[in-house]
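We use all heavy atoms of the structure for the numbers below, so side chains are in, but hydrogens, waters and symmetry mates are not.
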Amino acid sequence: MTGTARPALAAETDTQAAADVKAEADVKAEADAKAGRGAKAAAPDSEAAEKRPGRWLALSVLVLAVLLVAVDATVLGLATPYISEDLKPSGTQLLWIGDVYSFVIAGLLVSMGSLGDRVGRKKLLLMGSVAFGLISVLNAYASTPESMIVARALLGVAGATLMPATLALIRNLFHDPRERSLAVGIWGATASAGTAVGPVVGGFLLEHFWWGSVFLINLPVMAVLVLVGVKLLPESRNPEPGPWDLVSVVLSLVGMIGVVYGIKETASHGPTVPAGAAGLLGAAALYAFVHRQLTLPVPLLDMRLFRNRGFSGAVLADLLTILGLSGVVFFLSQYLQLVQGRGPLEAGLAELPAAVGAVAAGLAAGTVARRYSVRAVVAGGLAAIGLALGALTVLSQSTGYPLLGSALLVVGVGAGFSFTVTADVILSSVPKEQAGAASAVSETAYELGAALGIALLGSIVTGVYAGFTAPAGTPQEVADAAHESLGGAVEASSVLPAPQPLLDAARTAFVDGVALAAGLGAAVLLAASVAAWILLRGQKLGTGK
């Protein structure tokens with residue numbers, strides 16, 4: 001479990017032990033058959049007994065992919081003020097830069113998870129990693145808001161290949177339920193560690209280099225992942241996958257993007273014909289997607305997975321959790337830098353408690369869920385996040401770090417417990433042949449929640465901010481620039497002989513928007529906690545016995 005390769009003798013011992021247990025399982029199967037229960041009763045034990053040598057070292061390669069995505073997501077928040085200053089995006093363009101990645105990845109995750117089941121998860125993971133690294137260069141050297149939005153969208157295409165493949169490969173590497181719980185905990189803890197590493201490394205780079213450097217850190221991670229992954233990762237796929245239905249792929253992509261775009265535009269500008277048309281088109285495409293999956297002999301996504309109450313409950317919990325969190329988290333780095341005046345490195349360090357809490361809780365989540373219950377751990381974790389977000393409703397320009405740091409720590413612990421256990425539930429609920437599709441559903445809930453959270457709660461922050469009144473005597477062009485974004489206000493105020501009144505008004509409005517979004521996020525998280533308590537009743541993790 002240290003992430004290093006086992007010696008050959010230990011590997012042989014594992015193999016012999018597995019053979020002995022399998023022999024015992026075969027004897028049990030024969031006894032079951034005589035008793036009329038059939039040999040199938042022994043199948044879970046046989047699967048649990050199979051332990052692949054080198055699986056922990058292979059896991060270390062998979063978590064590099066998770067690290068790649070997590071670091072990219074967090075450094076964007078730190079770089080946002082610098083991107084605003086350099087590229088001068090409008091408020092709407094800034095939101096698109098923040099959430100177009102999630103839009104695209106949410107639309108493609110199911111398709112890519114199913115593609116991995118068909119062509120091979122290792123192959124898709126390595127190809128996606130190379131693409132992710134190369135497209136990061138496009139992000140680093142984007143010169144206009146439009147080119148930045150396109151680069152982020154392309155990065156979403158590449159990112160859609162990574163997360164489902166990593167979870168699916170974990171499902172196929174670790175058949176013992178207890179080992180799989182620990183592996184999923186390490187997987188989740190690495191994602192949380194990435195959220196810590198990203199701001200710290202990103203903050204250092206932003207203080208010494210230009211903002212594009214935060215995207216170039218993906219390149220060395222991608223290189224190590226590909227070079228080591230070629231050697232260590234086993235290939236796995238569905239032995240009877242059926243054709244990859246391109247019509248379903250298009251319907252899934254159009255449906256997700258249409259619905260999320262419609263919600264985002266309505267939240268930003270109120271009901272409009274284009275937003276309504278996009279939302280209706282997306283809803284119709286998703287309806288057609290579901291109907292098509294129910295009629296295809298081998299669907300892109302087996303809708304019968306949702307008949308499992310544990311699977312559905314875990315997916316819903318993930319979606320609501322990220323929806324409630326992302327709208328606040330997206331603006332947190334701007335609050336620390338543009339409101340409280342921290343440097344990017346200091347802002348990155350200030351966000352560490354959330355990652356520390358998530359890592360610790362993620363590693364312990366499987367054990368705690370077995371000792372108590374799945375629904376207690378998930379519902380309790382979500383309630384803790386909700387209460388922490390509720391504490392942020394008192395946020396002001398002068399809020400001290402003890403309150404902020406404590407709230408972030410509680411958010412991290414709650415997220416570490418809930419996300420790790422729901423991922424384990426989702427993987428345990430399906431046959432390993434469908435691990436890619438199930439993982440994709442899990443990640444789709446995550447990314448869709450992020451997109452909706454930034455669209456809805458982020459638009460609320462933007463709307464509250466845009467409504468502030470500029471001080472009397474402020475030139476109209478300066479006031480217009482200040483109303484676009486807080487970064488725009490900081491830059492525009494620099495030309496004024498007395499910039500402080502405009503900055504105070506802008507910062508107060510921004511903080512009011514973040515506090516309102518935190519309150520709404522708290523309500524969503526508490527509702528998610530109640531839903532998890534109901535839907536995950538009786539759900540258990542495997543014991544591996």
Side-chain angles (χ1 to χ4, degrees), residues 106 109-110 113 163-164 167-168 170-171 177 180-181 184-185 187-188 191 256 286 290 293-294 301-326 358 361-362 365-387 389 411 413-432 434-453 521-543:
L109 274 168
V110 170
M163 299 300 278
L167 265 179
I170 286 174
R171 175 67 177 86
R180 184 166 62 241
S181 291
V184 170
W187 176 87
M256 286 290 186
L286 288 180
V290 172
Q293 304 318 294
L294 294 173
L301 174 63
D302 188 353
M303 303 305 294
R304 290 174 297 180
L305 294 175
F306 291 95
R307 295 176 182 172
N308 184 307
R309 183 163 50 84
F311 180 89
S312 297
V315 169
L316 180 63
D318 285 353
L319 188 149
L320 292 177
T321 303
I322 292 299
L323 192 158
L325 269 176
S326 57
T367 301
V368 175
R370 285 185 175 87
R371 179 166 183 176
Y372 298 100
S373 71
V374 165
R375 74 170 182 171
V377 172
V378 175
L382 299 184
I385 300 173
L387 294 175
L389 288 179
V411 166
V413 171
F417 276 127
S418 60
F419 283 136
T420 303
V421 174
T422 54
D424 200 337
V425 168
I426 288 168
L427 284 183
S428 303
S429 299
V430 302
K432 63 180 181 178
Q434 293 180 295
S439 302
V441 171
S442 171
E443 293 303 318
T444 299
Y446 188 100
E447 295 299 338
L448 182 58
L452 289 173
V524 172
L525 264 296
L526 293 175
S529 175
V530 174
W533 181 261
I534 295 171
L535 292 174
L536 297 178
R537 177 175 52 84
Q539 189 69 38
K540 297 182 182 298
L541 299 183
T543 62

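- In terms of heavy atoms, A314 sits closest to I426 at CB-CG1, 3.7 Å.
- Here the options are L525, L320, V377, the test is side-chain contact (heavy atoms from CB on, under 4.5 Å), and the partner is L382; only L525 passes.
- Taking each heavy atom of L389 and G324 in turn, the nearest pair found is CD1-O, 3.8 Å.
- The minimum heavy-atom distance between T420 and G362, with the atom names listed, is OG1-CA, 3.4 Å.
- Side-chain contact check for F417 versus V421: every heavy-atom pair is 4.5 Å or farther apart.
- Heavy atoms only, all atoms of each residue included: A379 and S529 are closest at O-OG, 2.7 Å.
- The neighbour count for Y372 OH, taken as heavy atoms of other residues, nucleotides or ligands under 6.0 Å away, does not exceed 12.
- Nearest heavy atom pair, residue S418 against residue V378, reads CB-O, 4.0 Å.
- Here the shortest heavy-atom pairing between M303 and L294 reads CB-CD2, 3.8 Å.
- Taking CG from L316 and CZ from R309, the interatomic distance works out to 13.0 Å, rounded to the nearest 0.5 Å.
- Although no hydrogens or angles enter the test, the distance criterion places a donor-acceptor pair under 3.5 Å between the side chain of T422 and the main chain of F419.
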